[in-house]
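Proteins get letters first, then strands, A, B, ... in listed order; numbering begins at 1 in each.
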Amino acid sequence: MISHINLNSKFDPEMTINSGQVFLWQRSGNSWYGIYGDHILKISIYDEKLKNYVKSSTIDMIDFYSFPTFDGWEKFVFRLDDDMDQIFADLSKDVLMSKLIKKYFGLRVMRQDPFQCMISFACSSNTNIPMIRNMLTSLARKFGNKLILDGKIFYTFPKVKRLYEASINEICSCHVGYRAKTIKSITEEIIKESFDLDDLRFSSYGKAKEQLMKIYGIGNKIADCVLLFSLEKLDAFPIDVWILRALFSHYYNIIETKLSYVNNTWKKLTTNRYLLISDAIRNYFGKYSGYAQQYLYYYIRNNEKRKW
DNA sequence: CGCCAGGCAACGG
DNA sequence: CCGTTGCCTGGC
């Protein structure tokens, strides 16, 4: 079940995995292991010049493996079916984007399992990336299935039903704190309201977002992350505090005209301001706004020299 | 010890 | 509609 792929492509798995959009991936030697629902995904990079492959922008050979079998997962998960030439052409109309596309050549948006994505970003509120990782790892260890690959122990991501049946206290024991209530409400909404997360792939951005935001604990930002990273809404543009600061310094003119007040109060995000800013920036970047967000995010996080 | 971190809902004006 | 407040938790 190993598929080989020769790429002279705009794709850098390591940079992509490290761009803050996925949380359950870990490196071991020349391999990366990731959890996607109940699958373990594995990438092995057999390029002697592992450290230089970004510069050469050519990956001699990568092996993609999955357990259980998930044929062609690499195309799906890393969005290798996206027309990057068109996306780049589209975004390059913006001066900063045109720079970032070259600077971070190979950075991609990834597709995630919808339920895992939703729980992941529900855990992201008011915390940091190491903690999010800690919460998700604990949840998987407690509620997922144990699998062994290459002599390493992995835990798959819990099923909706399994978390639905868990008590708040059990969920809380995974260091999630007050987010346990949100996690619980997500599973309840999916089970009781019998709406299928996966079906939202086929809804419009607006309809899908409306559905997501009915759930207790899911606001604008988390909904936009789920839409972009797991529900095929490349026009979603999640705005967190980092992106907000970036918009203020690099896209002030785009935002400003849409706001009726001129002072800087918009730096604090209320629901209404989120919508105004979101509308303005999505209108500006267009149908690939999500890619613009990812490039911008990677740029500012690196400039801040943050530890991921 | 106090403060902070990739939001959100609840509440008063 | 706006602003404020509290929230679990681990790291500093």
Side-chain angles (χ1 to χ4, degrees), chain A residues 16-25 107 109-110 112 116-139 141-142 166-186 188-189 209-230 236-249 258-279 281 290 292-308:
Chain A
T16 300
I17 288 167
N18 279 326
S19 65
Q21 46 180 325
V22 289
F23 305 99
L24 289 178
W25 282 79
L107 176 62
V109 169
M110 289 174 72
Q112 302 185 32
Q116 181 176 342
C117 186
M118 194 146 190
I119 299 296
S120 298
F121 286 98
C123 287
S124 75
S125 90
N126 199 17
T127 188
N128 48 44
I129 289 176
M131 272 302 294
I132 300 169
R133 203 170 274 141
N134 183 19
M135 296 179 208
L136 297 176
T137 304
S138 304
L139 285 171
R141 184 172 312 219
K142 192 168 176 70
S167 69
I168 291 279
N169 277 347
E170 285 179 296
I171 297 174
C172 242
S173 73
C174 299
H175 320 110
V176 297
Y178 66 90
R179 300 165 194 82
K181 200 175 161 190
T182 303
I183 294 171
K184 195 72 175 150
S185 76
I186 290 170
E188 281 169 0
E189 201 76 23
K209 185 162 181 179
E210 190 186 332
Q211 180 73 258
L212 293 180
M213 287 183 64
K214 283 183 191 165
I215 303 171
Y216 173 88
I218 306 299
N220 270 297
K221 193 268 177 178
I222 295 176
D224 276 335
C225 286
V226 176
L227 291 168
L228 172 61
F229 297 125
S230 73
F237 189 96
I239 303 171
D240 57 26
V241 289
W242 294 91
I243 289 291
L244 187 63
R245 285 195 281 265
L247 293 179
F248 183 75
S249 36
K258 293 280 179 180
L259 298 175
S260 51
Y261 28 85
V262 191
N263 55 8
N264 288 340
T265 56
W266 67 272
K267 286 171 89 173
K268 284 173 190 145
L269 272 188
T270 62
T271 305
N272 197 40
R273 265 175 233 155
Y274 189 105
L275 291 177
L276 288 169
I277 295 171
S278 173
D279 278 352
I281 204 71
Q293 192 269 3
Q294 197 57 30
Y295 278 88
L296 193 58
Y297 186 72
Y298 195 76
Y299 170 58
I300 53 184
R301 291 293 293 227
N302 272 326
N303 273 7
E304 295 285 337
K305 293 175 183 164
R306 293 280 299 199
K307 272 207 159 187
W308 300 78

A side-chain contact here means heavy atoms from C-beta on lying under 4.5 Å apart; do A:Ile183 and A:Cys123 qualify? yes
Rounded to whole Å, how long is the line connecting atom CG of A:Asp224 with atom P of B:dG7? 13 Å
When you compare B:dC4 with C:dT4, how far apart are their P atoms, in angstrom units rounded to a whole number? 15 Å
Rounded to whole angstrom units, what separation is found between the CZ atom of A:Arg133 and the C1' atom of B:dA5? 15 Å
Take the protein atom CD1 of A:Ile183 and the nucleotide atom C1' of B:dC8, then report the distance between them rounded to whole Å. 14 Å
What interatomic distance, in whole Å, is found between P of B:dC3 and the corresponding atom of C:dT5? 13 Å
For the pair made of CD1 in A:Ile132 and P in B:dC8, what is the distance, rounded to whole Å? 12 Å
Please measure how far the C1' atom in C:dC12 lies from the corresponding atom in B:dG7, and state the result in whole Å. 22 Å
Relative to the 5' end of DNA chain B, which residue comes earlier, A:Gly217 or A:Cys225, by the nucleotide with the nearest heavy atom? A:Cys225
Return the nearest nucleotide to the side chain of A:Ile222; candidates are B:dC8, B:dG6, B:dA10. B:dC8
Can you build the contact string for nucleotides 5-12 of chain C? Use B for base contact, S for sugar-phosphate-only contact, and - for no protein heavy atom under 4.0 Å. --BBSS--
A:Asp224 and A:Tyr274 side chains, donor-acceptor separation under 3.5 Å: yes
Quick one: the dot-bracket string of DNA chain B, using Watson-Crick and G-U wobble pairs with both distances under 3.5 Å, [ ] for crossing pairs and | for bases paired to another strand. .||||.|||||||
A:Lys268 NZ - C:dC2 P separation (whole Å): 13 Å
With a 4.5 Å limit on heavy-atom distance, are the side chains of A:Arg301 and A:Trp242 in contact? yes
A:Asn134: side-chain contact (heavy atoms from CB on, under 4.5 Å) partners, not counting sequence neighbours: A:Met131, A:Ser138, A:His175
Taking the same atom, C1', in C:dG10 and in B:dA9, what whole-Å distance lies between them? 24 Å
Please tell me if the side chains of A:Asp240 and A:Leu244 come closer than 4.5 Å, counting only heavy atoms from C-beta onward. no
May I ask you to say what A:Ile218 touches in the nucleic acid, namely base, sugar-phosphate or nothing, with a heavy-atom cut-off under 4.0 Å? sugar-phosphate
Nearest-Å distance for atom pair CG/P, residues A:Leu228 and B:dG6: 19 Å
Take atom P in B:dG2 and the same atom in C:dC7, then report the distance between them in whole Å. 15 Å
Does either side chain, that of A:Ser120 or that of A:Gln112, offer a donor lying less than 3.5 Å from an acceptor on the other one? no
Measuring only between side-chain heavy atoms, which start at C-beta, is A:Tyr216 closer than 4.5 Å to A:Ile186? no
Closest heavy-atom contact between A:Leu24 and A:Thr137? CD2-OG1, 3.7 Å
Decide if the gap between the ring center of A:Phe23 and the ring center of A:Phe121 is smaller than 6.0 angstrom. yes
Rounded to whole Å, CG of A:Leu269 lies from C1' of B:dA9 at a distance of 15 Å
Distance check: side-chain N/O of A:Asn272 vs OP1/OP2 of C:dC2, anything under 4.0 Å? yes
Select base, sugar-phosphate, or nothing to describe what A:Phe121 touches, counting heavy atoms under 4.0 Å on all strands. base
Could you tell me if the side chain of A:Met135 sits less than 4.5 Å from the side chain of A:Thr127, heavy atoms only? yes
In whole angstroms, the gap separating C1' of B:dC8 from OH of A:Tyr216 amounts to 7 Å
Closest approach to the side chain of A:Lys221, judged atom by atom: which nucleotide of C:dT4, B:dC8, B:dA10 is it? B:dC8
